[in-house]
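First the structure, in the form of structure tokens, and then the observations on it.
Everything numeric here is computed off the predicted structure, so don't read it as measured data.
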Amino acid sequence: MLNFPGTRALPAPGRAWAELHVHSAGSFLFGANHMQELVAEADRLGIEALAITDTNGLYGARRLAEAASEYGIGSIYGAELTLDQDLGSIVVIARSLLGFTRLSAAISAGQLAGAKNAPLYDLDALSAAAYEGEWAILTGCPVAGEAAYDTDAVHARMDKLVDLFGRTHLHAELVDHRLPEDGPRNAALHAAAERWRLPVVATNAVRYAAPRSARLAAALTALHRRETLDTAIGELPPAPTAHLRSAEEMRILMARYPQAVASTVDLARNSVIDLSKLRPQLPDFEVPAGHTPDTYLRHLAEEGCARRYGPRTDPAAGAAWKQLDYELSVINDMGMPGYFLICWDITRYAAEQGIWCQGRGSAASSVVCYALGITSVDALKHGLLFERFLHAEKTDPDIDIDFENDRREEVIQYLYAKYGRSHCAQVANLITYQPRLSVRDSARTLGYPMARINEMTRHIHHEPPGPEADIPADVRALAEQLHTLPRHLGIHVGGMVLTRQPIGEIMPVEWATREGRSVLQGDKDDVAAAHLLKIDILGLGMLAALHTACDLIAEHHGIRLDMASIPQDDPDVYTMIAAGRTIGVFQADSVSTPAVLLLFIMRWVSSCRSPKPRTLRTLLR
């Protein structure tokens with residue numbers, strides 16, 4: 001069997017092949033296929049291992065792990081790094097988990113040293129990391145503008161790369177897209193490799209799974225350049241050849257360099273990594289002397305429980321204390337006291353600053369969260385089930401906390417200040433092509449005038465246009481291919497991730513468009529796949545409105561209310577809701593809410609054998 005996770009047997013001698021240079025759709029506006037499409041095509045071609053090497057990032061790492069595991073294909077992790085003008089781009093392949101964390105950290109450092117979409121790598125730091133022996137460096141794509149027949153330039157670049165990375169870890173990368181310039185360039189590169197006694201590998205510098213996606217890749221290039229296909233013609237590849245190939249095709253393509261194919265497979269087999277073994281941990285939470293995280297959590301929870309329900313000796317509070325002890329035992333068994341202490345600290349900071357906050361979702365099912373002040377909902381009073389929030393089979397508790405929308409930034413900056421940007425980052429939001437933008441960008445790339453584009457997209461919203469829509473066939477065909485492809489990273493509405501080790505070692509970090517914000521190179525699904533715990537720091541305008549309203553009540557009536565003491569049983573409020581007068585009421589103001597409420601009332605009426613007319617009139621008033 002293979003020496004990496006999977007079920008596929010080793011190919012027969014001479015039929016083995018692995019691809020070490022592939023751009024997925026994570027190379028925004030460059031790679032033309034989703035991960036699942038690339039892996040499925042690799043499986044069809046008999047490729048035994050696949051490296052995803054997106055530009056300046058590990059955007060597709062966790063998606064590769066999932067897709068490759070499904071097909072029994074070895075997963076290899078790398079990135080194409082854009083260096084300075086003389087060195088061009090190199091491909092870095094991680095050869096171990098340590099190599100992966102080093103590569104992730106190097107990408108983070110380069111991204112944060114530069115600007116958005118313009119990383120700046122420290123060549124000395126890259127050189128030092130390469131000499132640790134956990135990376136394989138491929139010479140990558142040629143420098144832009146380098147003449148194919150300029151052998152002196154090829155040799156000069158190779159000399160610089162050898163000087164930077166050494167002969168042990170550098171591999172000459174031969175790429176043949178069946179273009180006239182590929183033969184001379186490969187010959188020069190092979191000669192330079194022989195002079196330095198470097199291993200030679202072969203790749204396809206893949207941009208798409210199969211030739212049928214070549215036109216989409218060309219359109220992405222034009223979009224990236226903000227041009228049409230006609231005006232960008234000089235920058236577009238002349239043939240649809242940057243795709244995955246089988247072992248037989250590669251033997252024919254690299255007939256002059258048979259050792260390159262064998263070396264590629266050897267390198268691939270020794271670079272397969274199981275990312276599931278990378279287990280990040282939460283940062284240590286500083287507790288008072290004499291305490292451990294679990295004892296301090298118990299101390300805080302017991303203080304809160306006594307305040308909310310009464311002392312342990314009070315028989316009326318017995319159920320609350322029993323539930324508290326049970327929940328704390330589950331939390332301790334799962335090793336999660338630190339997570340709850342971090343959430344408590346966030347809400348404590350907000351309270352000290354006078355910022356209203358409220359835990360939402362399944363966290364409201366926890367007496368511990370209620371006792372700590374993370375939520376203001378009495379789980380016992382409302383009969384909520386703790387196991388919905390946390391149990392032995394559910395290792396990712398989800399504590400989402402709403403804050404006043406105009407003061408949420410204070411909480412985010414508190415986290416950056418407390419844990420440092422190297423241990424704290426926001427989750428990204430993967431912005432994908434949706435129907436309206438798909439049609440718009442397709443038409444723009446194909447050269448349609450803006451007036452016509454506006455006409456095409458005027459009535460497109462969340463669903464792809466139907467056959468009756470007045471959209472030209474070429475626009476429709478390209479839009480269908482663009483639809484759901486990633487376009488860029490945005491900022492998640494509130495997800496924050498904290499780690500004990502530098503977070504950039506688990507997942508690279510880059511600048512967001514918003515000033516002072518950095519985001520992970522992954523969305524909430526990638527974060528979950530990386531075993532990172534997410535805390536949602538959300539902004540809610542209604543909290544600010546409630547805070548203002550309660551301040552006015554205190555000012556004019558002398559009654560001080562907060563989230564826990566606002567009356568829950570005001571009959572006038574329920575009468576208003578039952579009558580469907582909910583416009584402007586948070587989470588009940590949609591146009592469909594009155595109809596839903598009426599449906600509930602009708603079901604209640606039908607369930608009553610002899611409903612009292614007065615009660616019905618009150619409800620329907």
Side-chain angles (χ1 to χ4, degrees), residues 3-6 35 51-52 57-70 74-79 93-109 129 132 134-135 271-287 292-294 297 330-343 389-399 415 419-428 492 495-509 518-536:
N3 60 347
F4 51 80
M35 191 67 65
I52 297 300
L58 294 166
Y59 302 98
R62 270 70 192 187
R63 295 165 196 261
L64 171 63
E66 180 180 358
S69 175
E70 179 183 342
S75 50
I76 304 171
Y77 305 95
I93 301 293
R95 305 194 67 178
S96 65
L97 274 180
L98 178 60
F100 179 89
T101 61
R102 293 285 191 270
L103 175 56
S104 184
I107 293 171
S108 297
E132 292 181 0
E134 306 298 329
W135 290 353
S271 301
V272 172
I273 299 172
D274 182 3
L275 279 190
S276 66
K277 296 179 180 178
L278 188 61
R279 292 281 178 168
Q281 294 179 305
L282 285 167
D284 293 323
F285 187 86
E286 187 175 348
V287 298
T292 62
D294 57 331
L297 177 63
V330 173
I331 292 168
N332 288 334
D333 289 345
M334 297 179 69
M336 304 202 68
Y339 178 72
F340 284 81
L341 287 172
I342 289 170
C343 293
F389 168 58
L390 188 65
H391 55 82
E393 303 298 323
K394 188 177 188 294
T395 58
D396 55 341
D398 187 15
I399 297 182
L415 290 174
Y419 296 100
R421 195 174 292 275
S422 59
H423 296 269
C424 177
Q426 285 192 267
V427 180
H492 186 272
M496 299 289 292
V497 172
L498 307 173
T499 55
R500 181 179 302 175
Q501 68 190 104
I503 198 166
E505 294 183 359
I506 305 298
M507 186 178 291
V509 179
S518 51
V519 296
L520 292 165
Q521 288 185 345
D523 66 5
K524 60 183 180 63
D525 294 329
D526 298 315
V527 165
H531 307 291
L532 291 163
L533 281 177
K534 173 172 64 71
I535 303 173
D536 278 344

What closest approach, in Å, do [X] and [Y] show between heavy atoms, and which atom pair accounts for it?
{"X": "Trp135", "Y": "Gly99", "answer": "NE1-O, 3.0 Å"}
{"X": "Gly504", "Y": "Ser108", "answer": "CA-OG, 3.3 Å"}
{"X": "Cys343", "Y": "Ile535", "answer": "SG-CD1, 4.0 Å"}
{"X": "Arg421", "Y": "Ser518", "answer": "NH1-OG, 2.9 Å"}
{"X": "Ala94", "Y": "Phe100", "answer": "CB-N, 3.5 Å"}
{"X": "Tyr77", "Y": "Ala61", "answer": "CE2-O, 3.3 Å"}

To the nearest 0.5 Å, how far apart are [atom1] in [X] and [atom2] in [Y]?
{"X": "Met336", "Y": "Leu341", "atom1": "CE", "atom2": "CG", "result": "11.5 Å"}
{"X": "Arg62", "Y": "Leu275", "atom1": "CZ", "atom2": "CG", "result": "5.5 Å"}
{"X": "Leu532", "Y": "Met496", "atom1": "CG", "atom2": "CE", "result": "12.5 Å"}
{"X": "Ile52", "Y": "Leu64", "atom1": "CD1", "atom2": "CG", "result": "5.5 Å"}
{"X": "Ile503", "Y": "Tyr419", "atom1": "CD1", "atom2": "OH", "result": "12.5 Å"}
{"X": "Asp536", "Y": "Ile399", "atom1": "CG", "atom2": "CD1", "result": "11.0 Å"}

Is it the case that more than 12 heavy atoms not belonging to Glu132 sit under 6.0 Å from its CD atom? yes
Ser75 side chain near Ile273 side chain, heavy-atom distance below 4.5 Å: no
With heavy-atom distances below 4.5 Å as the criterion, would you say the side chains of Pro283 and Ile342 are in contact? yes
Backbone N or O of Glu66 within a donor-acceptor pair of the Ser69 side chain at under 3.5 Å? no
Is it true that a side-chain atom of His423 and a backbone atom of Thr499 form a donor plus acceptor pair closer than 3.5 Å? yes
Applying side-chain contact (heavy atoms from CB on, under 4.5 Å), run through Leu390 and Phe340 and close with a yes or a no. CA-CA 12 Å; Leu390 188 65; Phe340 284 81; 4.1 Å; yes
Run the side-chain contact (heavy atoms from CB on, under 4.5 Å) test on Val427 and Val497 for me, step by step, so that the C-alpha distance in whole Å, both residues' side-chain angles and the decisive distance to 0.1 Å come before the verdict. CA-CA 7 Å; Val427 180; Val497 172; 3.7 Å; yes
What residues form a side-chain contact (heavy atoms from CB on, under 4.5 Å) with Ser422, not counting sequence neighbours? none
Donor-acceptor pairs under 3.5 angstrom involving side-chain atoms of residues 519-527: please list them, not counting sequence neighbours.
from, atom 1, to, atom 2, distance (Å)
Gln521, OE1, Leu58, N, 2.9
Gln521, NE2, Asn56, O, 3.2
Gln521, NE2, Tyr59, OH, 3.2
Gln521, NE2, Glu510, OE1, 3.0
Asp523, OD1, Arg63, NH2, 3.1
Asp523, OD1, Asp525, N, 3.1
Asp523, OD1, Asp526, N, 3.0
Asp523, OD2, Arg63, NH2, 2.9
Asp526, OD1, Arg63, NE, 3.1
Asp526, OD2, Arg63, NH2, 3.2
Asp526, OD2, Asp523, N, 3.1

